[in-house]
Undergrad: 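Below is the structure I would like to discuss, written out as structure tokens.
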Amino acid sequence: FDFFLPRFCPGCNKKLSADEKPVCSECLSSILIADDFRLQYEYDRKFTSEKIIKDFYARYVFETDKTLQDIIHALKYKKQFKLGVLLGEILSEGIRSQNWQFDFIVPVPIHPLKKAERGYNQSDYIVKGLSKSLDIPYSTKLIKRTKHTESQTHLAMTERAKNVANAFKVKNPKLIKGKSFLLVDDVITTGATTQE
């Protein structure tokens, strides 16, 4: 299969062998890992004031024009779904070390129009990898996005919060009452989407 449809690493464009993951080991090892100090700093900066998000974890630090951006873009815009599953598997290693207790894993939903345009939600694939590795169920049906928002990419912190205000709705509040869940997004910048 690789002979007829060869796979290439999204980071360096090197041809992958049949036994390699969807990203070569050199590219994976080049991604900046978020250390405990950075994670605590980001949590304090983004989430402590509202007291909604109990804890926060990110495996990697997103750097512009680097390997992780190439991987996220390949997942998000080039339908390379296995990258999402791989990211979920990698993320599960760090989640295990947090000793969190939660009932469901939930991807941050995208608006139905954006899903129709793109064909999928990239966070769903990250959640699939996480769910399989952690053996915890996931659901894409608990939260829906009710507001079609513009891309957050070029917005300032306050603009991002306004952009996603009232953008989500719980589909059936009875299903989540008394439950804890792990909310997953592909990238967290200001935390506005997660907070909302």
Undergrad: Measure from the side-chain N and O atoms of Gln195 to the backbone N and O of Lys46, and report whether any donor-acceptor pair falls under 3.5 Å.
TA: yes
Undergrad: Please find the pair of heavy atoms, one from Ile136 and one from Ser131, that lie closest to each other, and give the distance.
TA: O-OG, 2.6 Å
Undergrad: Under the 3.5 angstrom rule, does the side chain of Tyr120 hit a backbone N or O of Lys115 as a donor-acceptor pair?
TA: no
Undergrad: Can you tell whether the side chains of Lys114 and Glu117 come within less than 4.0 Å, N to carboxylate O?
TA: no
Undergrad: Hydrogens and angles aside, do Asp44 and Gln40 bring a side-chain donor and acceptor to less than 3.5 Å of each other?
TA: yes
Undergrad: Are Ile33 and Leu87 joined in one hydrophobic group, where the rule is that I, L, V, M, F, W and Y side chains link up if heavy atoms are under 4.5 Å apart?
TA: yes
Undergrad: Check whether Lys147 reaches the backbone of Ala165 with its side chain - one donor and one acceptor, N or O, closer than 3.5 Å.
TA: yes
Undergrad: Can you check whether Arg38's main-chain N or O pairs, donor with acceptor, with Asp35's side chain at less than 3.5 Å?
TA: yes
Undergrad: Check whether any side-chain N or O of Arg7 sits under 3.5 Å from a backbone N or O of Lys15 as a donor-acceptor pair, and report yes or no.
TA: no
Undergrad: Please report the shortest heavy-atom distance between Thr67 and Ser30, naming the atom on each side.
TA: OG1-OG, 3.2 Å
Undergrad: Minimum heavy-atom separation for Pro10 and Asp70, please, with both atom names.
TA: O-CB, 3.3 Å
Undergrad: If we ignore hydrogens and angles and just use 3.5 Å, is the side chain of Glu196 paired with the main-chain N or O of Ala192 as donor and acceptor?
TA: no
Undergrad: Does this structure show an ion pair linking Lys128 with Glu89, if we count only N-O contacts that are shorter than 4.0 Å?
TA: no
Undergrad: Strictly distance-based, threshold 3.5 Å: is any side-chain N or O of Asp186 a donor or acceptor partner for the main-chain N or O of Ser123?
TA: no
Undergrad: Donor-acceptor check, side chain of Tyr43 to backbone of Lys54, threshold 3.5 angstrom: yes or no?
TA: yes
Undergrad: Measure up the Tyr125 and Phe81 rings against each other and bin them: parallel (under 30°), tilted (30 to 60°), perpendicular (over 60°).
TA: parallel
Undergrad: Can you name the nearest heavy-atom pair linking Lys14 to Glu26, along with the distance?
TA: NZ-OE1, 3.6 Å
Undergrad: Who else is in the cluster with Leu183 when I, L, V, M, F, W and Y are joined by side-chain contacts under 4.5 Å?
TA: Phe104, Val106, Val108, Leu142, Ile143, Phe168, Val170, Leu175, Ile176, Phe181
Undergrad: Give a yes or no on whether Leu130 and Ile53 share a hydrophobic cluster (residues Ile, Leu, Val, Met, Phe, Trp, Tyr; joining criterion: side-chain heavy atoms under 4.5 Å apart).
TA: yes
Undergrad: Specify the closest pair of heavy atoms between Pro109 and Asn121, including all atoms of both residues, with the distance to one decimal.
TA: CA-ND2, 3.7 Å
Undergrad: Side chains of Lys144 and Ile110: does their closest heavy-atom pair fall under 4.5 Å?
TA: no
Undergrad: Which heavy-atom pair separates Pro22 from Leu16 by the least distance, and what is that distance?
TA: O-CD1, 3.5 Å
Undergrad: Measuring only between side-chain heavy atoms, which start at C-beta, is Glu93 closer than 4.5 Å to Ser97?
TA: no
